[in-house]
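Residue numbers start at 1 and run along the sequence shown.
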Amino acid sequence: MKTNGTRRHFIRTTAGGTLLAAGGLGFLGGLPRVSAAEAALDGRVVRFHPEMEPLVRLLEETPRERLLEEVGARIKAGTTYREVLGALLLAGIRNIQPRPVGFKFHAVLVVNSAHLASLNSPDEDRWLPVFWALDQFKESQARDVAEGDWTMAAVDEKALPEAGKAAEVFAEGMDEWDEGKVDAAAAALARGGAGTPEIFDLFARYGARDYRDIGHKAIYVANSWRTLQTMGWHHAEPVLRSLGYAMLMYRGEKPAGRDLLADRPGRKNRIRLKDLRKDWPVGHTLPETTAAMHGVLRSGDWDEAAGTTVELINRGSAPRALWDAMFQASAEMMMRNPGIVSLHACTTTNALHYAFMHAADDETRRFLMLQNASFLTFFRDDAGAVAGVEIDKFEPLAAEGPEALDGIFDLVGRNSMEAAAQTLGYLDAGGDPKAFVDHAQRLIYLKGRNSHDYKYSSAIIEDFRHVSPPYRNRFLAASVHWLKGSSLDDSPLVARSRAAL
């Protein structure tokens with residue numbers, strides 16, 4: 001699935017012409033167009049649809065210090081938001097090695113997060129998250145070149161299974177950890193599936209089958225699928241091929257036939273899901289049920305967490321009461337130990353909940369719920385967050401009125417626990433959560449420096465709407481432990497983005 005191209009040349013040289021002078025945009029009118037002839041590619045490299053290929057090439061070949069200005073010129077000439085977003089995802093898929101599923105590959109994982117941030121933005125800020133993601137792509141592209149210059153190769157057409165057998169071959173390849181079989185089957189699924197729910201279910205199940213790469217496989221499934229809804233299914237083939245390749249990531253010996261901890265929850269939960277009562281989607285949402293589930297997530301192991309999920313649902317609980325506990329548990333980890341592992345407990349829960357809500361198959365939905373419960377105990381142990389503040393017990397501090405938000409975000413990053421207590425006081429006193437979210441989102445644009453800032457904030461803002469009302473204020477208050485405070489310096493990309501537009 002790899003070939004080496006000539007991207008080193010484009011990374012190490014400029015495209016010629018005058019760089020952006022301070023405050024000046026006079027050079028924009030002279031930017032060259034990318035013709036169909038110039039968009040021709042080496043036949044060994046995967047090619048995209050003709051309407052997208054020139055824009056993808058522009059992103060690939062333009063030096064980082066000029067890209068925002070070049071794209072700004074295209075937008076002024078009529079290039080649409082959807083086209084830029086799609087080209088951004090495809091450029092990352094073709095140019096950045098998706099293994100491990102994280103690190104430099106965050107340039108791909110974050111595309112949907114940037115899109116969600118754009119949707120939450122006022123009109124004047126709507127391009128800022130996408131322009132940040134464009135710059136992130138160039139940084140990751142340069143890292144990929146330095147680490148070996150991976151490029152997605154064209155699919156082996158002779159290996160494609162018949163359309164009617166593609167799902168079966170894909171599942172066989174995933175179970176066998178067979179790259180060639182999975183790649184060919186993914187391409188066949190894209191060509192014959194037209195975005196069917198069955199394809200999403202298939203990828204969602206395998207994206208959640210193992211704990212490797214701390215949830216990034218499930219995150220990639222959810223985020224790429226969501227971006228495809230904006231781009232259109234006709235761009236699905238490279239996306240599904242990249243997904244299949246990423247989901248086969250492992251270290252050491254091939255996992256097939258081995259008993260490894262990362263795989264144990266998936267193997268047992270695939271059997272355990274059959275123990276759920278037939279009418280499992282309905283039931284009560286009693287606070288004591290959520291508290292009981294949260295207690296197991298604080299101290300139990302992966303097996304106890306999934307087993308308790310089955311037990312509580314069979315006693316009459318609705319899934320929502322258990323998801324409330326999972327959202328609270330991930331947010332509590334962030335309060336106790338605000339680091340990368342805790343952050344991924346939140347973003348993985350977001351991804352698996354999205355898949356749970358959108359999967360069509362009953363067994364897939366059961367599996368995703370059980371897997372998330374099991375994975376949260378792994379995150380807890382890996383983060384080292386076994387004791388400390390409890391999200392359901394910390395006390396609010398008085399903070400009322402519109403000016404309260406300025407004070408809260410002045411504390412963020414300097415005394416986040418006090419900021420959380422003030423946020424809880426603000427919300428409990430009737431403060432507008434949308435005003436808080438808007439304030440937080442704008443500071444991400446102005447101060448955010450890496451992909452985790454966008455991934456986390458977009459996930460939290462979305463999940464706040466899914467958490468049941470009794471738990472929302474504390475869930476949102478906990479988020480300040482990774483949000484951006486107003487005392488930080490603005491990102492230099494903000495001024496460049498505004499100038500380019």
- [ ] Might you work through the side chain to side chain contact (heavy atoms under 4.5 Å, CB included) test for K455 and H344, ending with a clear yes or no?
- [x] CA-CA 9 Å; K455 279 174 56 185; H344 285 96; 3.2 Å; yes
Task: Salt bridge present between D263 and R212 (N-O < 4.0 angstrom) - done: yes
TODO: Taking Q97 for its side chain and D144 for its backbone only, find out whether a donor-acceptor pair lies under 3.5 Å.
DONE: no
Task: N/O donor-acceptor pair under 3.5 Å between D183 side chain and E179 backbone - done: no
Open item on the list: Strictly distance-based, threshold 3.5 Å: is any side-chain N or O of S342 a donor or acceptor partner for the main-chain N or O of N337?
Closed with: yes
Task: Heavy-atom closest contact (P100 atom, D213 atom, distance) - done: CB-OD1, 3.6 Å
TODO: Search all heavy atoms of F137 against all heavy atoms of L59 and return the closest pair with its distance.
DONE: CE2-O, 3.3 Å
TODO: Taking T62 for its side chain and L67 for its backbone only, find out whether a donor-acceptor pair lies under 3.5 Å.
DONE: no
Open item on the list: Does the plane of the ring in F327 sit parallel, tilted or perpendicular to the ring in F475? Use 30° and 60° as the thresholds.
Closed with: perpendicular
Task: Electrostatic pair K165-E172, nearest N-O below 4.0 angstrom - done: no
- [ ] Report yes or no: does R496 contribute a side-chain atom to a donor-acceptor pair with the main-chain N or O of P492 at less than 3.5 Å?
- [x] no
TODO: Check for a donor-acceptor pair, side chain of T377 on one end and backbone N or O of W302 on the other, with a separation under 3.5 Å.
DONE: yes
Task: Salt bridge flag under 4.0 Å for residues E83 and R74 - done: no
Open item on the list: For the aromatic rings, using the six-membered ring if either is Trp, is the centroid distance between F200 and H358 under 6.0 Å?
Closed with: no
Task: Under 3.5 Å donor-acceptor, Y454 side chain and G448 backbone - done: no
Task: F203/W225 under ring-ring contact (aromatic ring centres under 6.0 Å, His included): CA gap, chis, key distance, verdict - done: CA-CA 10 Å; F203 278 83; W225 196 268; 7.0 Å; no
- [ ] Identify whether NZ of Lys or CZ of Arg in R209 sits under 6.0 Å from the centre of the six-membered ring of W177 and within 45° of that ring's axis.
- [x] yes
- [ ] Anything under 30° is parallel, anything over 60° is perpendicular, the rest tilted; go ahead and classify F409 against F436.
- [x] tilted
Task: Main-chain N/O of R126 paired with S118 side-chain donor or acceptor, under 3.5 Å - done: yes
Open item on the list: Between N95 and Q141 (side chain of the first, backbone of the second, donor and acceptor by atom type, cut-off under 3.5 Å), is there such a pair?
Closed with: no
TODO: Test side chain to side chain donor-acceptor pair (under 3.5 Å) on T349 and D463 and set out the steps.
DONE: CA-CA 9 Å; T349 298; D463 291 340; over 6 Å; no
Open item on the list: Is there a side-chain contact between K217 and Y206 in this structure, where contact means two heavy atoms from C-beta onward sitting under 4.5 Å apart?
Closed with: no
Task: Heavy-atom pair of closest approach, residues L68 and S497 - done: CD1-OG, 3.9 Å
Task: Flag if over 12 foreign heavy atoms under 6.0 Å of CD, E51 - done: yes
Open item on the list: Quick one: does any side-chain atom of K484 pair with a main-chain N or O of I444 as donor and acceptor, under 3.5 Å?
Closed with: no
Task: Residue among D453, D489, D490 satisfying side-chain hydrogen bond (donor to acceptor under 3.5 Å, both in side chains) with K447 - done: D490
- [ ] State, without any angle test, whether T364 and R205 hold a side-chain donor-acceptor pair at a distance under 3.5 Å.
- [x] yes
Task: Ring centers of W323, H466 separated by less than 6.0 Å - done: no
TODO: Run the salt-bridge test on E65 and K138 with the 4.0 Å N-O cut-off and return the result as yes or no.
DONE: no
- [ ] List the atom of M152, the atom of P238, and the distance in Å for their closest heavy-atom pair.
- [x] CE-O, 3.5 Å
Task: Nearest heavy-atom neighbours spanning E139 and R64 - done: OE1-NH2, 3.5 Å
- [ ] Would you kindly check if the NZ (Lys) or CZ (Arg) of R226 is within the cone defined by 45 degrees around the ring axis of Y354 and under 6.0 Å from the six-membered ring centre?
- [x] yes
Open item on the list: Just checking E157: does its CD atom have more than 12 heavy atoms from other residues, nucleotides or ligands closer to it than 6.0 angstrom?
Closed with: yes
TODO: Please examine the side chains of E237 and V155, heavy atoms only from C-beta on, and report whether any two atoms are closer than 4.5 Å.
DONE: yes
Open item on the list: Using side-chain heavy atoms (C-beta onward) and a distance below 4.5 Å, is L85 in contact with R82?
Closed with: no
Open item on the list: If I compare all heavy atoms of I93 with all of S242, which pair ends up nearest, and what's the gap?
Closed with: CG2-CB, 3.8 Å
